[in-house]
Amino acid sequence: MSASLKKFYIIAWIFGLVFYFLDYVIRSAPAVMIPELVNNFDTTELKLISMVGTYYYTYSTCSLIAGIALDKFGGKKSLFVGALVLGVGCLLFLISSQVAGVSGRLMQGAGCAFAFPGCVYLASKGFSSKSLATAIGVTQCIGMLGGTAGQFIVGPWVEEGINVDTFWLGSGIVTIITAFGLFFIIPKEEKAEEPTEYGTKPIGYLEPYKIVFKNPQSWLCGIISGLLFAPTTIFAMTWAVAFFEKDKGFVFHEAAITSAMVAFGWVFGCPLLGFITDKIGRRKPVLIAGAVLMIISLLQLIYLPDLYPAKISMFILGLGSGAAMIPYSVIKEANPDFVKGSATGAINFITFGVTTLLSPVFSRWFGKSLDISAGNLHFQHSVLFWVSGIVLAILVSLMLKETGSKAQAGI
C-alpha cells in the first residue's frame, strides 16, 4: 500500500474515532438516567436495567457480522451501515413503549458492534505493526472519553432537569450525520488489495472465522479480554451508580461521578499500556501487570476504603483495565494478516459473549438483592465477584503465547 493511501486511512481512522466516541456515550448514558427512563418506558428499575443490558446481546453477535463485512466489503460500507443503525436505535428511545426501548437498545448494540472493529481495521491499514498497539490504545482512549462524557456530562444534565428525549434526539441526529461523513471520507478499496485465496481454496464468507476460531490463541485472547472488560462494562457502566447510592450511601451526583472515574482511567490507561507494550516489545507482562493493578484497586475499595477516596480507587481500576485492549493486538498478531477484520470481530464476539454471560449472573446474585441487603457486606461480596474474574484472567493469560515484536524477532 502506498504511503499516501496510508495517510488517507489514518485520516479515516481519526474520523472513525468520532463514531467510537458516540458508541461509548450511548452505551454508558442510560446508567445516569435510570429514573427518567423508568418513567418514559413505564417499567420497573430492574426491568429497565435488563433492557439496557440487551445492548450486549446484539453487540456480541453483530461483532461477527462486522468482521465479515469489513473483510469482504471494506470499511466504507461497513462503518456507514453500523453508524446508521446506531443513529436509528437512538431515535427509537423517543417512543414511550417498552417494545421501542428494547428494539432501540438492540439496534444500538448492533450498530456499535461496527465501531471498534472498524477503527482497528482502518488503523491496521494506516499504521505499522510497531505502533499498532498504541493506535488501538488511543482508539479505546477516545471511546472511554465518550464513556466519561456519557456519565460526567450527561449525569449533571439530567440532574439539572434536561429532558432525556433531547439527549436521544441529539445523539441520533449526530450519529446519522457521522454515518454519512464516514461514507464520504473512508477511501474506496480496490478488490486487488484483498487476497482472494488461502492456499488453493477461494475464501468464502465464513472462511476467515474458521481460520480465527480454529486458533486456540483467539479464544484465550477473547476470554482474557472479556474477564477484564466485565468490571467496567457491567459494574461501572451499569450497576455502580446504584451500588454506591444504596450500599455506600452516596448521593446521586457523587455516585455518578465516582462510577465515571473508571472510564476516565481508561482514557489514560489504554494508550499508556499500549505504548508500554509496544516499547518493550512484550504483551504478556503488561497485560498481567494491568490485571494485578485492577485487583489491588478493588481490594483497597472494600478493605481500606479510607485510604483514599473511592473516586481514586475507580480511576486506578480504569487505568489497570486498559490492559483489556492488549489481547486485541495479540489476536491480530496470532492470525494471518488477511483476516484482520474477522479477528477483531471474533475477539469482540468472545469478549462481550463473556460479558453477556456474566451480566445476568451478577444481576441475579447481587443486583436483585440490592434493595433487600444493601450495605458494606453486600458491596464487599459484589466486588469480590469481579476480583475472582480478574484472577481467572491472569491464570488464562499464562497460557497465552507472546506475540510482541521481540518475540517475533526471536529475542
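All values reported here derive from a predicted model rather than from experimental measurement.
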Residue of the set Trp266, Tyr56, Tyr59 for which ring-ring contact (aromatic ring centres under 6.0 Å, His included) holds with Phe229: Trp266

Among Tyr24, Phe352, Tyr328, the one residue meeting ring-ring contact (aromatic ring centres under 6.0 Å, His included) with Phe116: Tyr328

Residues, nucleotides or ligands: over 12 heavy atoms within 6.0 Å of Phe264 CZ: no

Reported CE-to-CG distance for the pair Met314 and Leu319, which is rounded to 0.5 angstrom: 13.5 Å

Closest heavy-atom pair and its distance - Ser218, Ile350: O-CD1, 3.8 Å

side-chain contact (heavy atoms from CB on, under 4.5 Å) assessment of Ile288 paired with Arg283: CA-CA 9 Å; Ile288 293 171; Arg283 306 302 192 204; over 6 Å; no

Over 12 non-hydrogen atoms of neighbours within 6.0 angstrom of CZ in Phe183: no

Exercise: identify the closest heavy-atom pair between Leu301 and Ala310: CD1-CB, 3.8 Å

Spatial distance of atom CG (Asp23) from atom CD1 (Ile142) [nearest 0.5 Å]: 13.0 Å

Test ring-ring contact (aromatic ring centres under 6.0 Å, His included) applied to Trp13 and Phe127, step by step: CA-CA 10 Å; Trp13 167 73; Phe127 294 94; 5.0 Å; yes

Side chain to side chain donor-acceptor pair (under 3.5 Å) contacts in which one or both residues fall within residues 81-99, not counting sequence neighbours: Asn40-Ser96

Nearest heavy-atom neighbours spanning Thr58 and Leu106: OG1-O, 2.6 Å

Minimum heavy-atom distance Lys332-Ile136, with the two atoms named: CD-CD1, 4.3 Å

Ser329: side-chain hydrogen bond (donor to acceptor under 3.5 Å, both in side chains) partners, not counting sequence neighbours: none

